[in-house]
Amino acid sequence: MRLSRYFLPVLKEDPKEAQIVSHRYMLRAGMIKQQSAGIYSWLPLGLRVLNRIQQIVNEEQIRAGHVPVLMPTLQSADLWRESGRYDAYGPEMLRIKDRHDREMLYGPTNEEMITDMFRAHVSSYKSLPLTLYQIQWKFRDEMRPRFGVMRGREFLMKDGYNFDLTKEDALHAYNRHMVSYLRTYERMGLTAIPMRADSGPIGGEDTHEFLVLAQTGESEVFYDARVTELKLGDRSVDYDNREEVKAVCDEFTTLYARTDETHDEGIFAEVPEEHRRVARGIEVGQIFYFGTKYSEAMGATVVSPEGKQIPVEMGSHGIGVSRLIGAIIEASHDDKGIIWPEGVTPFPVGIVNLKQGDAATDAACDALYKGLAAKGLEALYDDRDERAGAKFATMDLIGLPWRITVGPRGLANGVVEVTSRRTGLSEEMSAEAAIAKIAAIYENI
RNA sequence: CGGAGCGUAGCGCAGCCUGGUAGCGCACCUGCUUCGGGAGCAGGGGGUCGGAGGUUCGAAUCCUCUCGCUCCGACCA
């Protein structure tokens, strides 16, 4: 993408309403525009990141054997009366009436609707296990939206629901989600720690939240420092192998890690003092096992092998897709701007043309741009007629992990400059070598 | 929802107390110079001062109502 033809409205000054760094940088980097309290438009750069995150979430869900669907944002109140949550949910739920005075709501979550979908089409244990998920906009009418997309009212969320015959099967689904989530967050360059949590309005017995450590986090967290060193890495996990999946979950949940809701000073005191940590975290996902709470209330049953009608065992699982962008920025930035992990960056690399209009420099940038494209890498090429300082400042702000700088001085020696946004270190090399280097970096991402 | 604020050019702000021709910086446009870390000079465009009512010869400024937004707290993905 040529910057001269793009829509990237960066701001030089800090918008006054943005208090935390991710909100500030998202506004300054031209990623989002607030439309009303807690409701945002996504501008091209922000949309690219949002799409990248959705892509990773989709890939990991499908890898785990889960099946994508898409449900409407607007739901009928009747469905929610069946589960009893229409009255239980409170003013956080946005209620709407259509022209026929029918009561509707903008879904804050989808347990009822998915259960309705399930009961309409599944009637035998032979169809189980089944996990359906979607990535869809939700609305929760927060009393006080703040921190940009980290706590908006409208937000994009991946919500998944498992249907199983037995509790053991449902707990395997729970574990499978935990592993798939760990992999999902790692691909985004995040360390997200599963922590024992409270079930809140979803209800249920077993639940973990995934927390990204950040000073601006909304939750106080208590953990054993060794938990942050655990990595899934390249290991392949067979999602159908219960023991293997369970072993990974045990590995990641044995060390102490809890939010303030479930924190226990007594148990925490048993963690060796040098490993004990108290910090803050941003919640980027949560998994629940809740058994037959919704299936019983809504008559979602299957015929068992013994020929009996039994309510299905369920759980639900969420990833805060839009809020993840805020969390990633909170975890990865410096005083000049964002530093995107390669996995989620809007563009893999930026090209800075230091002398726009100079025939040799323009031609070199052009060749570089095409060479990268031939490797499947779409560069953001700053071809504006701006001074070097302005171009560097823009690149630093929007945080592309790699920058290739092309100027007459380097071209005279046959080199361009490749700079890492994260380390700030530069290397001079031929344009061909630069293309090869960037291509190698992104080969496995 | 309790408390505290703010709405003046795209963004950040001054002007309001003490009523009298709407300003500054950045951004934008034109020209010249400059050109490897947010350039300099000169010129220029852009506002029903959030909205409605009222007081007054006269309201951005005073009064009433209203809408929107932000911050602290409680609550929450």
Side-chain angles (χ1 to χ4, degrees), chain A residues 9-20 23-24 27-28 30 33-39 89-93 107-110 136-159 192 197-202 207-212 217-219 259-261 281-288 316-327 335-337 352-358 361 382 384-398 403-412 415-417 419 424 426 428:
Chain A
V10 299
L11 305 173
K12 212 160 160 181
E13 289 168 279
D14 283 332
K16 65 170 176 180
E17 72 271 18
Q19 297 300 304
I20 64 168
H23 190 193
R24 224 165 40 227
L27 290 167
R28 283 197 49 204
K33 180 190 183 307
Q34 179 168 326
Q35 300 296 163
S36 43
I39 299 177
Y89 215 92
E92 234 187 24
M93 184 157 74
T109 174
N110 282 60
Q136 176 62 293
W137 293 94
K138 310 285 191 296
F139 195 92
R140 292 185 194 170
D141 198 358
E142 297 287 343
M143 236 179 288
R144 192 184 161 207
R146 59 182 132 174
F147 304 151
V149 300
M150 294 246 290
R151 191 163 165 207
R153 293 194 292 170
E154 189 182 47
F155 57 98
L156 190 61
M157 177 171 154
K158 171 262 165 183
D159 49 324
D198 226 23
S199 63
I202 308 282
T207 178
H208 280 85
E209 286 180 340
F210 291 79
L211 278 292
V212 172
E218 74 272 53
S219 316
T259 64
D260 48 7
E261 295 162 333
I282 300 164
E283 191 194 327
V284 292
Q286 187 161 12
I287 55 179
F288 301 91
S316 72
H317 319 276
I319 293 179
V321 171
S322 48
R323 106 179 319 217
L324 262 169
I325 299 180
D335 58 356
K336 292 184 210 151
V352 170
N353 183 341
L354 287 177
K355 195 165 186 185
Q356 200 67 44
D358 176 84
T361 316
D382 192 344
R384 296 173 303 165
D385 188 17
E386 288 285 345
R387 299 163 61 88
K391 293 191 177 191
F392 289 141
T394 299
M395 281 293 172
D396 288 344
L397 175 63
I398 68 173
R403 184 184 82 204
I404 303 178
T405 309
V406 181
R409 216 160 69 193
L411 286 180
V415 297
V416 297
E417 187 181 79
T419 307
S426 295
E428 293 194 332

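The model shown is predicted, which means the values in this text are computed figures rather than measured ones. Every chain is numbered from 1, with letters handed out A, B, ... down the list of sequences. What you see below is based on every heavy atom in this structure, not just the backbone, and it leaves out hydrogens, waters and symmetry mates.
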### Query
When the P atoms of B/C41 and B/A59 are considered, how many whole Å apart are they?
39 Å
### Message
For A/Glu92, run the side chain to side chain contact (heavy atoms under 4.5 Å, CB included) check against A/Glu142, A/Arg153, A/Met143 and tell me which one passes.
### Response
A/Glu142
### Summary
Taking a pair to mean Watson-Crick or G-U wobble geometry with both distances below 3.5 Å, B/C32 pairs with B/G40
### Query
Base, sugar-phosphate, or nothing: which does A/Glu17 touch, judged by heavy atoms less than 4.0 Å apart?
sugar-phosphate
### Query
With a 4.0 Å cut-off on heavy atoms, is A/Met157 in touch with a base, just the backbone sugar-phosphate, or nothing at all?
nothing
### Task
Please state the C1' separation for the pair B/G38 and B/U70 - nearest whole angstrom.
28 Å
#### Entry: Complementary nucleotide for B/G7 - Watson-Crick or wobble, under 3.5 Å
B/C67
#### Entry: Short side-chain N/O contact to B/C72 OP1/OP2 from A/Arg146, under 4.0 Å
yes
### Task
Any strand is fair game: report the nucleotide pairing with B/G45 by Watson-Crick or G-U wobble, both distances under 3.5 Å, or none.
none
### Summary
Any strand, both distances under 3.5 Å, Watson-Crick or G-U wobble: B/C76 pairs with none
### Task
Kindly indicate whether the side chain of A/Asn110, heavy atoms from C-beta on, has any atom under 4.5 Å from the side chain of A/Gln136.
no
### Task
Please examine the side chains of A/Glu261 and A/Glu209, heavy atoms only from C-beta on, and report whether any two atoms are closer than 4.5 Å.
yes
### Query
Tell me, for nucleotides 23-39 of chain B in 5' to 3' order, what letter each nucleotide earns: B for a base near a protein heavy atom under 4.0 Å, S for only sugar-phosphate near one, - for neither?
--BSS------BSBBBB
